[in-house]
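Accompanying notes for the structure given below.
Order of listing sets the numbers, starting from 1, for every ligand and every atom in it. Below, each value reflects all heavy atoms present in this structure, side chains not excepted, and no hydrogens, waters or symmetry copies.
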Amino acid sequence: MKIFLDTANIEQIKEFAFILDGVTTNPTLAAREGKTFKEVIPDICKIVDGPISAEVLSLDSKGMIKEAREMSKWHKNVVIKIPMTIEGIKAIKQLSKEGIRTNCTLVFSANQALLAAKAGATYVSPFVGRLDDIGQDGMQVVAEILDVFDNYEFDTQVIVASVRHPNHVKQAALLGADIATVPYEVLKKMFSHALTDKGIKAFLDDYKKVEK
Ligand code: E4P
């Protein structure tokens, strides 16, 4: 499974670049860094050689397509995030014809993912954490999307998004999701286990006894 970092923070991306397959951003994440997409995305592309998602702000398909064409010129790895709306699906269909890669975002059901895949989306991003937040089962939606894509052999890849904890990443991997896009704090937690720390300390303490 590929791991993307879900952030627009350059320092966080630099710290984990050695393990990253890509990066996702959104308007909230860019605003958190006080930067526009145009300011931050080219810098991210210099650090990680993989798909880097930047999101359109228009709500109509014409505006989305215009923004997407412009953003896709920034770097060959830029992927255009398009929200899951009727206008968004129209835009994805057109951009797919033009060979511009898209990430259909704010996906909360298998039907939405089906429509995005039919339009030619490169990626769909089901938001598992936000579904869990309203008492639904986010990972169940991911499982359904994977089944649907498998049934019809869609090439569209599933990015498990709105990840809140390492267990979401493990569940995504167990289901066979293509990608999980993970916040910085969650990625850090994935590396650690109390028994690993305890084991390292014990090994080093023991070895001190024989070191000359
Ligand atoms: C994914 O592409 C989104 O940027 C992100 O995962 C949303 O996560 P949130 O629900 O924590 O805002």
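Taking only nitrogen or oxygen atoms, main chain and side chain alike, T105 does not reach within less than 3.5 Å of ligand 1.
Atom 8 (O) of ligand 1 has its closest protein heavy atom at S162 CA, 3.4 Å. Among protein heavy atoms, the minimum distance from atom 11 (O) of ligand 1 is reached at R164 NH1, 2.8 Å. Scanning the protein heavy atoms around atom 4 (O) of ligand 1, the nearest turns out to be N26 ND2, 2.7 Å. Nearest to atom 12 (O) of ligand 1 among the protein's heavy atoms is R130 NH2, 2.8 Å. Protein heavy atom nearest atom 5 (C) of ligand 1, with residue, atom name and distance: D6 OD2, 2.9 Å.
Salt-bridge check for D43 with K14: failed, with every basic side-chain N at 4.0 Å or more from each acidic carboxylate O. Between K208 and E211 there is no salt bridge, since no side-chain nitrogen of the basic residue lies less than 4.0 Å from a carboxylate oxygen of the acidic one.
Which parts of ligand 1 touch K81 is read off a 4.0 Å heavy-atom cut-off, strictly below it: atoms 1 (C), 2 (O), 3 (C), 4 (O). Of all the atoms in ligand 1, the ones that sit under 4.0 Å from a non-hydrogen atom of F127 are 1 (C), 3 (C), 7 (C).
You'll find the side chain of T122 reaches within 4.5 Å of the side chain of T102, heavy atoms only.
For the side-chain hydrogen bond (donor to acceptor under 3.5 Å, both in side chains) with Y184, the qualifying choice from E15, K189, Q12 is E15, the only one to do so.
Residue D155 qualifies as open at atom CG: its count of foreign heavy atoms under 6.0 Å is 12 or below.
For the residue pair E55 and N26, no side-chain donor N or O sits within less than 3.5 Å of a side-chain acceptor on the partner.
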